[in-house]
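Notes to accompany the following structure.
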Amino acid sequence: MTTRTVNLCFHGIGAPDRDLEPGEAPYWISADLFHAVLDTVVGRDDVRLSFDDSNSSDLEIGLPALLDRGLRGTFFVLAGRFDSRGSLDEDQVRLLAESGMDIGTHGMDHLPWRGLDEAARRRELVEARDAIAAVVGRPVDEAALPLGRYDRSLLRELRALGYAKVHTSDRAHARASSWLQPRFSLVGTDTVTGVQEEVLGRQPVRRRAERAVIGLAKRLR
C-alpha cells in the first residue's frame with residue numbers, strides 16, 4: 001500500500017431535509033456526482049472516504065452506495081443532532097456501525113472547537129464522544145474538526161484526550177500513518193474529471209508547498 005492517502009469528505013447528498021446553516025449549501029452534492037466519484041475510487045487503496053455533519057443522506061444514499069461497491073467509510077457524527085429532523089438518529093448511527101462502517105465524532109453542536117471555554121470544550125470533545133460511543137457500543141477515537149478550524153492548543157488537547165486520528169479540511173494529501181489527516185471536501189460545483197485531475201492525481205509542487213505552509217501556520221498559531 002502506498003504511504004500517500006487521499007481523504008475525500010462528503011457532507012450532504014441529494015436534497016437536504018432540514019434547514020441548512022449559513023454557508024453550508026455549497027457542500028451538498030448531487031447523488032449522481034456522489035455515485036460517479038465512488039465508481040472512480042473503487043479498487044484504489046490510497047483513498048479514504050468520510051462523511052461529516054450527520055445528515056440522513058449518509059444512511060439513505062451513502063451506505064447503500066458504499067455496500068454495493070464493497071467500500072468502507074468513516075461517519076463523523078454530531079451527537080447533538082440525534083433527535084433532529086434530517087439528521088442521523090441513534091438507531092441509524094448504530095446501523096452504520098453494524099454495517100461495517102467506522103464511526104467518529106464531529107462534536108455535539110457543529111461549533112468550531114478552537115477558542116471554546118472549558119465547559120464547551122468538554123461538551124464538544126468529551127461528552128459528544130462518550131455519547132456516540134454509547135450508541136455504537138465501542139470506543140470512538142477519531143474526530144473531524146467542525147469547519148476545519150484548529151490551532152496548536154486544540155491539537156494538544158485532542159492528543160491528551162487519546163484521539164488516534166484527527167481529520168481536517170486542509171485540501172492536501174495525507175500520509176497514511178499521520179495523526180493529523182487533511183481531507184478534500186467535495187462541493188456541488190465539482191466534477192468527476194476535476195476530482196480525478198485535481199484531487200486524486202498528483203498535485204503540482206507549488207500547490208503542495210502552499211497547502212503545507214497553510215497547515216503549518218494553523219498548527220503553530
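Predicted model only: the values in this text are computed from it and were never measured.
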Residue pair Thr191 / Glu198, side-chain heavy-atom distance below 4.5 Å: no
Spacing of NZ belonging to Lys165 relative to CG belonging to Leu158, to within rounding of 0.5 Å: 14.0 Å
Heavy-atom neighbours of Glu118 CD exceed 12 at 6.0 Å: no
Interatomic spacing from CG in Leu180 to CG in Asp170 - rounded to 0.5 Å: 7.0 Å
Contact check, side chains of Leu154 and Leu145, non-hydrogen atoms, under 4.5 Å: yes
Non-hydrogen side-chain atoms of His106 and Ser54 separated by less than 4.5 Å: no
Test item: Asp109 side-chain N/O and Leu111 main-chain N/O as donor-acceptor pair under 3.5 Å: no
Point-to-point distance, once rounded to the nearest 0.5 Å, from CG of Leu78 to OG1 of Thr105: 7.5 Å
Atom pair CG (Asp46) and NE2 (His173), whose distance is rounded to the nearest 0.5 Å: 8.0 Å
Side chain Glu90, main chain Phe82, donor-acceptor under 3.5 Å: no
Within-4.5 Å side-chain heavy-atom neighbours: Asp190 and Ile29: no
Same cluster (ILVMFWY, side-chain, under 4.5 Å), Leu49 and Val77: yes
Cluster overlap Leu147 with Trp113, hydrophobic side-chain contacts below 4.5 Å: no
Gap separating the CG atom of Leu88 from the CG atom of Asp83, nearest 0.5 angstrom: 12.0 Å
Hydrophobic cluster identity match, Val37 and Leu67, side-chain contacts under 4.5 Å: yes
Arg175 CZ: over 12 foreign heavy atoms closer than 6.0 Å: no
Donor-acceptor under 3.5 Å (Arg138 side chain, Val135 main chain): no
Asp68 (side chain) donor-acceptor with Ala65 (main chain) under 3.5 angstrom: no
Asp53 and Arg81: CA distance, side-chain angles, deciding distance, salt bridge (Lys or Arg N to Asp or Glu O under 4.0 Å) verdict: CA-CA 9 Å; Asp53 297 352; Arg81 291 186 179 174; 5.3 Å; no
Closest non-hydrogen atom pair between Ala36 and Val192, with its separation: CB-CG2, 3.3 Å
Donor + acceptor pair across side chains of Ser50, Arg183 (<3.5 Å): yes
Heavy-atom closest pair, residues Leu59 and Gln92: CD2-CG, 3.5 Å
Interatomic distance, Asp58 atom CG to Leu63 atom CG [nearest 0.5 angstrom]: 9.5 Å
Test item: Tyr150 and Val166 side chains (from C-beta on) under 4.5 Å apart, heavy atoms: no
Parallel, tilted or perpendicular: rings of Phe75 and Phe51 (30°, 60°): parallel
Asp117 atom CG, over 12 foreign heavy atoms within 6.0 Å: yes
Modelled atom types, side-chain donor and acceptor of Arg18 and Asn55, under 3.5 Å: yes
Residues Glu142 and His167: side-chain donor-acceptor under 3.5 angstrom: yes
Atom OH of Tyr27: over 12 foreign heavy atoms under 6.0 Å: no
Note, Arg171 side chain near Val199 side chain (heavy atom, < 4.5 Å): yes
Over all atoms of both residues, closest heavy-atom pair of Leu125 and Arg129: O-CB, 3.8 Å
Check: Asn7 side chain, Pro182 main-chain N or O, donor-acceptor pair, under 3.5 Å: yes
